[in-house]
Colleague: 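Structure provided below as structure tokens; questions to follow.
Throughout, a chain's letter reflects where its sequence line sits, starting with A, and its residues are numbered from 1.
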Amino acid sequence: MGKEITSRNEDYSQWYNDLILKAGLADYSAVRGCMVIKPYGYALWENMRDVLDKMFKDTGHVNAYFPLFVPKSLFEAEEKNAEGFAKECAVVTHYRLKTDPNNKSKLIVDPEAKLEEELVVRPTSEAIIWNTYKGWIQSYRDLPILINQWANVVRWEMRTRLFLRTAEFLWQEGHTAHATKDEAIAETKQMLEVYADFAETWMAMPVIKGIKTANERFAGAEDTYCIEALMQDGKALQAGTSHFLGQNFAKAFDVTFVNKENKSESVWATSWGVSTRLIGALVMAHSDDDGLILPPKLAPIQVVIVPIYKGEESKALIDAKANELVKELKTRGVKVKYDDSDNARPGWKFAEYEMKGVPVRIAIGTRDLENNVVEIARRDTKEKSTISFDGLTDHITQLLEDIQTNIFQKAMQFREENITAVDTWEEFNKVLDEKGGFISAHWDGSPETEDKIKEFTKATIRCIPLNQVAEEGKCILTGNPSQGRVLFARAY
RNA sequence: CGGGAGGUAGUUCAGCUCGGUAGAAUACUUGGUUUGGGACCAAGGGGUCGCAGGUUCGAAUCCUGUCCUCCCGACCA
């Protein structure tokens with residue numbers, strides 16, 4: 001009957017796909033690797049976007065928009081960045097189609113409309129932006145530039161997964177220009193804090209803040225800071241990155257400024273981004289075998305009211321009471337939906353809204369009216385309780401906060417239970433295969449060692465935690481000296 | 001990009017081996033009875049069988065190509 005979801009135990013990947021599709025977040029499309037974000041999923045993204053946008057503005061940033069296309073010559077200017085993305089770039093070579101002379105109903109690429117210079121569809125916008133900044137910056141008085149853009153980018157991935165890795169995705173990318181190294185580093189760290197705060201306060205998803213190793217660093221960056229989250233299957237997921245770009249892009253695009261001493265210097269840069277991948281993270285962080293579990297602060301619908309009635313007369317009475325409740329909740333800023341549609345019965349609606357992860361469900365029946373109560377069910381624990389109409393809105397707003405706190409704590413507890421410190425290679429492999437999660441272990445700091453560990457185990461160093469404690473130890477693989485533990489995991 | 005599986009009604013799938021009128025459940029429409037955890041009865045509508053070629057008197061079925069999806073690998077946010 002109805003929509004069945006594969007259980008997490010049976011097949012975690014399939015569970016994830018089932019949730020995305022059946023909760024109506026997204027759909028597959030006719031384009032390989034590209035998905036359609038459906039209204040419910042897009043509403044979730046809009047909520048995330050709005051909160052982040054405000055956080056960016058509160059830290060002094062403004063929005064702008066740069067072109068989708070990057071001339072190849074600009075793209076290749078910063079060598080490491082270009083090299084890093086080269087393998088996954090979509091390239092526009094022609095600007096016109098024409099009717100196929102051999103088949104009037106078909107179109108072919110007009111060979112005469114070949115572009116002089118190919119256009120790369122942006123996999124990220126550093127190139128076009130730094131080319132633009134060159135013209136905007138002359139003196140230290142033009143700095144800093146603190147710009148963010150909300151955009152789509154294209155990375156031609158071999159293997160795609162809904163929200164987690166698609167050929168085209170939506171994101172924001174901040175690109176800032178600074179007069180000093182310290183200021184740029186401070187900006188990089190500030191935005192990492194913004195991301196961490198967003199993940200934990202709004203998504204209720206605990207994250208670990210850290211720095212990427214050289215192998216995992218953004219192509220063209222001096223340092224990549226990241227927030228790493230743990231999914232329920234024990235795999236890690238990079239949820240956001242903030243890059244200190246040094247003067248690499250300034251030098252590649254010849255962006256200099258005159259300082260107070262009238263001397264010319266290269267500009268210092270940062271970039272930082274989060275994407276629709278966060279929706280995948282959100283789904284995998286909290287949801288269960290019955291469907292999504294969304295944090296109240298981001299849920300498109302926070303409260304759904306379902307009437308249970310016998311006949312038109314009783315429905316009219318319930319309608320009156322429900323509409324009164326809707327009005328009260330709306331004045332309190334609660335996103336509430338009264339579902340009085342008659343094409344589904346209450347039981348069906350219960351299951352449907354559980355699938356969609358609506359945090360609170362209120363059922364109002366004829367018996368409840370007589371007793372001046374409603375039945376309240378919370379999605380996270382599935383507990384039901386009978387609550388009086390008196391003080392109901394207070395109760396609900398408090399409950400939404402409680403749910404937000406509860407799912408965060410639950411995720412936090414799971415993560416803490418799944419960070420395992422190990423000191424031997426045998427233990428490392430055992431924990432990785434049997435338990436998963438983050439493994440805290442010593443590493444000798446060499447990229448070669450990291451590569452070997454990845455080759456042997458498929459685990460990568462997710463980050464060097466910012467709160468790493470100094471500790472003498474021996475590398476898990478080579479036995480070479482190490483000054484502190486790093487976090488390993490298999491990752492999405 | 002390699003290996004495996006799949007694409008038939010909105011959805012889940014049967015039919016394909018062995019070519020011959022397009023099927024089921026569910027969803028949908030209408031009417032009625034219902035409504036406290038995925039209702040029931042009756043009637044009805046809905047598919048160029050992913051797409052394009054080919055073989056054949058005849059193709060969902062056989063052959064070739066191609067597109068899309070899933071799983072596993074390599075690559076990556």
Colleague: Rounded to the nearest angstrom, tell me the gap between atom CG in Asn343(A) and atom P in U35(B).
Modeller: 17 Å
Colleague: What I'd like to find out is whether the side chain of Trp45(A) reaches to under 4.5 Å of the side chain of Ile37(A), using heavy atoms alone.
Modeller: no
Colleague: When you check the gap from the basic side-chain N to the acidic O, do Asp290(A) and Lys382(A) get nearer than 4.0 Å?
Modeller: yes
Colleague: Treating Arg122(A) as the side-chain partner and Pro67(A) as the backbone partner, does any N or O pair qualify as donor plus acceptor under 3.5 Å?
Modeller: yes
Colleague: Strictly under 6.0 Å, is that where the ring centroids of Phe488(A) and Phe428(A) end up?
Modeller: yes
Colleague: Can Glu228(A) and Lys212(A) be counted as an ion pair, charged N to O under 4.0 angstrom?
Modeller: yes
Colleague: Distance between the P atoms of U55(B) and U12(B), in whole angstroms?
Modeller: 35 Å
Colleague: Considering only atom P, compute the distance from C18(B) to A74(B) and round it to an integer number of Å.
Modeller: 39 Å
Colleague: Starting at atom CD of Glu352(A), determine the distance to atom P of A27(B), rounded to an integer number of angstrom.
Modeller: 13 Å
Colleague: Under the 6.0 Å and 45° cation-pi test, does Lys321(A) pair with Phe389(A)?
Modeller: yes
Colleague: Expressed in whole Å, how much space separates the C1' atoms belonging to G45(B) and C72(B)?
Modeller: 43 Å
Colleague: Just name whichever nucleotide pairs with A74(B), Watson-Crick or G-U, keeping both distances under 3.5 Å, else none.
Modeller: none
Colleague: At 4.0 Å (heavy atoms only), tell me whether Lys212(A) reaches a base, stays on the sugar-phosphate, or touches nothing.
Modeller: nothing
Colleague: Under the criterion side-chain contact (heavy atoms from CB on, under 4.5 Å), which of Ile308(A), Val374(A), Val373(A), Leu317(A) is the partner of Ile364(A)?
Modeller: Val374(A)
Colleague: For the C1' atoms, the ones on U30(B) and on G38(B), what distance do you get once it is rounded to whole angstrom?
Modeller: 23 Å
Colleague: Restricting to non-hydrogen atoms, name the atom on Pro295(A) and the atom on His286(A) that form the minimum distance, rounded to 0.1 Å.
Modeller: CD-CD2, 4.4 Å
Colleague: Which is true for Gly33(A) with a 4.0 Å heavy-atom rule: it touches a base, it touches only sugar-phosphate, or it touches nothing?
Modeller: sugar-phosphate
Colleague: Rounded to whole Å, please give me the gap between CD1 in Ile305(A) and P in G36(B).
Modeller: 18 Å
Colleague: Please tabulate, one pair per line, each protein N/O and nucleotide N/O from nucleotides 70-72 of chain B that are separated by under 3.5 Å, including the distance.
Modeller:
{"from": "C70(B)", "atom 1": "OP1", "to": "Tyr28(A)", "atom 2": "OH", "distance (Å)": "3.1"}
{"from": "C70(B)", "atom 1": "O3'", "to": "Asn17(A)", "atom 2": "ND2", "distance (Å)": "3.2"}
{"from": "C71(B)", "atom 1": "OP1", "to": "Asn17(A)", "atom 2": "ND2", "distance (Å)": "3.1"}
{"from": "C72(B)", "atom 1": "OP2", "to": "Arg159(A)", "atom 2": "NH2", "distance (Å)": "2.4"}

Colleague: Between Tyr12(A) and Trp15(A), what is the ring plane arrangement, given parallel below 30°, perpendicular above 60°, and tilted in between?
Modeller: tilted
Colleague: Would you name the heavy atoms of Pro111(A) and Lys98(A) that are closest together and state the gap between them?
Modeller: CD-CE, 4.2 Å
Colleague: On the six-membered ring of Tyr492(A), is Arg165(A) placed so that its NZ or CZ lies under 6.0 angstrom from the centre and within 45° of the ring axis?
Modeller: no
Colleague: Pick out the pairs of N or O atoms, protein on one side and nucleotides 51-54 of chain B on the other, that lie under 3.5 Å.
Modeller:
none

Colleague: From the options U35(B), C76(B), G38(B), select the nucleotide whose nearest atom is closest to the side chain of Arg165(A).
Modeller: C76(B)
Colleague: How far does the P atom of G54(B) sit from the matching atom of G10(B), given to the nearest Å?
Modeller: 28 Å
Colleague: Here's a test of your reading of the structure: between Arg32(A) and Ile364(A), which maps to the more 5' nucleotide of RNA chain B?
Modeller: Ile364(A)
Colleague: Is there a donor and acceptor pair closer than 3.5 Å between the side chain of Arg345(A) and the base of G38(B)?
Modeller: no
Colleague: Give Val274(A) one of three labels, base, sugar-phosphate or nothing, depending on what nucleic acid heavy atoms sit under 4.0 Å from its own.
Modeller: nothing
Colleague: Do Glu354(A) and G37(B) have a side chain to base donor-acceptor pair shorter than 3.5 Å?
Modeller: yes
Colleague: Would you mind reading off the distance between Trp156(A) atom CH2 and A77(B) atom C1', rounded to a whole angstrom?
Modeller: 17 Å
Colleague: Could you tell me how far apart Tyr225(A) (OH) and A77(B) (C1') are, to the nearest whole angstrom?
Modeller: 19 Å
Colleague: If we call it a pair only when both distances are under 3.5 Å in a Watson-Crick or G-U wobble match, what pairs with G53(B)?
Modeller: C63(B)
Colleague: Can Lys235(A) and Asp233(A) be counted as an ion pair, charged N to O under 4.0 angstrom?
Modeller: no
Colleague: Roughly, in whole Å, what's the span from CG in Asp18(A) to P in U69(B)?
Modeller: 17 Å
Colleague: Counting side-chain heavy atoms from CB outward, which of G37(B), U35(B), C1(B) is closest to Pro346(A)?
Modeller: U35(B)
Colleague: In this structure, how many angstroms lie between the C1' atom of G36(B) and the CD1 atom of Ile376(A), rounded?
Modeller: 15 Å
Colleague: If G19(B) has a Watson-Crick or G-U wobble mate with both distances under 3.5 Å, name it; if not, just say none.
Modeller: none
Colleague: Taking atom types as modelled and ignoring hydrogens, do the side chains of Asn9(A) and Ser7(A) form a donor-acceptor contact shorter than 3.5 angstrom?
Modeller: no
Colleague: Tell me what Leu164(A) touches on the nucleic acid: a base, only sugar-phosphate, or nothing, going by heavy atoms under 4.0 Å.
Modeller: base
Colleague: According to the Watson-Crick and G-U wobble definitions, with both distances under 3.5 Å, which nucleotide is paired to G31(B)?
Modeller: C41(B)
Colleague: Of the candidate nucleotides A74(B), U35(B), G38(B), which contains the atom at the shortest distance from the side chain of Tyr309(A)?
Modeller: U35(B)
Colleague: For C76(B) and Lys454(A) - does any side-chain N or O of the residue sit under 4.0 Å from the phosphate oxygens OP1/OP2?
Modeller: yes
Colleague: Contact class for Ala351(A) (heavy atom, under 4.0 Å): base, sugar-phosphate, or nothing?
Modeller: base
Colleague: Counting only side-chain heavy atoms from C-beta out, which of G73(B), G36(B), A77(B) sits nearest to Arg277(A)?
Modeller: A77(B)
Colleague: Counting only Watson-Crick or G-U wobble pairs whose two distances fall under 3.5 Å, which nucleotide matches U11(B)?
Modeller: A25(B)
Colleague: Using atom C1' of each nucleotide, how far apart are G73(B) and A9(B) to the nearest Å?
Modeller: 36 Å
Colleague: Quantified in whole Å, what is the P atom distance between nucleotide C76(B) and nucleotide U11(B)?
Modeller: 36 Å
Colleague: Under 3.5 Å for both donor-acceptor distances, Watson-Crick or wobble: does G6(B) have a partner, and if so which one?
Modeller: C68(B)
Colleague: Determine the contact category for Thr166(A): base if any of its heavy atoms lies under 4.0 Å from a base atom, sugar-phosphate if only primed atoms, P, OP1 or OP2 are that close, otherwise nothing.
Modeller: base
Colleague: Of the nucleotides U35(B), C76(B), A74(B), which has the atom closest to the Glu157(A) side chain?
Modeller: C76(B)
Colleague: Looking at every strand, decide which applies to Gln238(A) at a 4.0 Å heavy-atom threshold: base, sugar-phosphate, or nothing.
Modeller: sugar-phosphate
Colleague: For Tyr40(A), does the six-membered ring have the charged nitrogen or CZ of Lys356(A) within the cation-pi criterion, i.e. under 6.0 angstrom from the centroid and within 45° of the normal?
Modeller: yes
Colleague: Look at the side chain of Lys384(A) and the base of G37(B), then say whether one donor and one acceptor between them are separated by less than 3.5 Å.
Modeller: yes
Colleague: Specify whether His243(A) and Phe218(A) have parallel, tilted or perpendicular ring planes, treating 30° as the upper limit for parallel and 60° as the lower limit for perpendicular.
Modeller: parallel
Colleague: In whole angstroms, how far is the P atom of G73(B) from the OH atom of Tyr492(A)?
Modeller: 12 Å
Colleague: Write down the distance separating the P atoms in U35(B) and C40(B), rounded off to the nearest Å.
Modeller: 14 Å
Colleague: Below 3.5 Å between N/O atoms, which protein atoms pair up with nucleotides 9-14 of chain B? Just atom names and distances, please.
Modeller:
none

Colleague: Nearest to the side chain of Lys458(A), which nucleotide is it out of G73(B), G38(B), G36(B)?
Modeller: G73(B)
Colleague: Within a 6.0 Å radius of atom NZ on Lys80(A), are there more than 12 heavy atoms belonging to other residues, nucleotides or ligands?
Modeller: no
